[in-house]
Amino acid sequence: MENGHAKNLVAVIGSGNWGSVASRLIASNTAKLPSFHDEVRMWVFEEILPTGKKLSESINQANENCKYLPGIKLGANVIADPDLENAVKDANMLVFVTPHQFVEGICKKLVGKLRPGTEGISLIKGMEIAVEKFSEATIGYKKDKEVATRWAKLFTTPYFLVSVVEDIEGVELCGTLKNVVAIAAGLVDGLDMGNNTKAAIMRIGLREMRAFSKLLSPTVRDNTFFESCGVADLITTCLGGRNRRVAEAFARNGGKRSFDELEAEMLHGQKLQGVSTAKEVYEVLTYRGWQELFPLLSTVHEICIGQLPPTSIVEYSEHTPNLSIINGSNAYY
């Protein structure tokens with residue numbers, strides 16, 4: 001107890017490169033903040049390393065994730081745990097850092113296993129934080145700013161600035177849709193089309209991100225796209241993220257090698273987000289009859305599944321979006 005209040009206990013669900021970075025960041029703060037328990041449990045999807053040792057055992061012995069974040073100490077108060085239920089036991093703050101396609105299955109396993117009132121947050125960010133280079137992030141919240149501020153305190157350091165905005169949907173959609181645009185940017189790189197073309201794709205991508213988000217959720221705020229979760233994360237992901245890198249390789253191979261094959265070869269166990277997200281977005285566009293409104297988002301998916309060649313990433317722009325499909329769409333563009 002601290003001043004009559006129970007201390008917050010944090011569990012991190014995920015142990016890839018960003019999950020390990022997040023655990024390190026959080027643990028450095030929980031060790032200093034009296035309102036938090038020191039220990040941070042990190043759920044590990046168990047793997048057997050080439051040495052024959054279990055990944056969780058290796059992390060706990062070396063205080064380092066030798067597979068996904070080699071050379072970076074996590075902090076003595078980070079405990080790797082391959083048992084999901086045990087990792088979240090008694091925690092009241094859950095940090096989800098797994099590929100989005102795994103979240104539903106994880107949450108189903110947690111039904112009935114959590115403390116009443118447990119809060120959760122999902123993270124998307126880059127590797128530069130691991131080596132303490134200056135960066136920033138955005139937390140979206142709805143109504144309860146006090147809760148959002150507590151989360152911000154958990155993550156904030158002199159080199160990692162965290163802001164809060166009252167727009168959960170906008171922050172989440174920015175974090176999701178940027179990966180689809182990064183696929184487009186990577187295709188442009190793979191086709192050697194140059195910086196001007198890439199900048200144009202990024203601008204059009206941001207425009208479609210904003211329009212899609214506002215049509216899907218009218219409460220989304222324009223200002224959110226000017227936070228770090230918006231234009232800043234989009235630039236970062238389009239310049240150096242894994243989605244951009246694999247898409248570049250896909251284009252250089254003329255689309256003859258699948259994204260699944262390239263992912264397995266290039267990412268060594270990490271997962272792409274852009275390809276699966278593009279499929280999910282395309283399903284929404286098809287269901288609602290919005291394909292003509294979002295030629296870039298639609299084209300990315302069609303390229304990913306081999307329906308169009310990589311060169312179509314710029315050819316799509318010959319088709320002017322039919323903004324009359326939805327009343328008031330011009331306001332979003």
Under 3.5 Å side-chain donor-acceptor pair for Ser56 and Glu46: yes

Ion pair Lys214/Asp222, N-O distance below 4.0 Å: yes

Glu208 and Arg210 ion-paired at < 4.0 Å: no

Parallel, tilted or perpendicular: rings of Phe259 and Phe250 (30°, 60°): parallel

Pair Arg150 + Glu146, salt bridge at N-O below 4.0 Å: no

Aromatic plane relationship, Phe155 with Trp151 - under 30° parallel, 30 to 60° tilted, over 60° perpendicular: parallel

Check: Arg41/Asn77 side-chain N/O donor and acceptor closer than 3.5 Å: no

Between Ser20 and Ser15: side-chain donor-acceptor atoms closer than 3.5 Å: no

Lys/Arg N to Asp/Glu carboxylate O, Arg242 vs Glu263, below 4.0 Å: no

Pair Asn179-Asn243, side-chain donor/acceptor within less than 3.5 Å: yes

Ion pair check, Lys109 and Glu85, cut-off under 4.0 Å: no

Between Thr30 and Asp38, a side-chain donor and acceptor under 3.5 Å: no

Lys53 and Glu57 ion-paired at < 4.0 Å: no

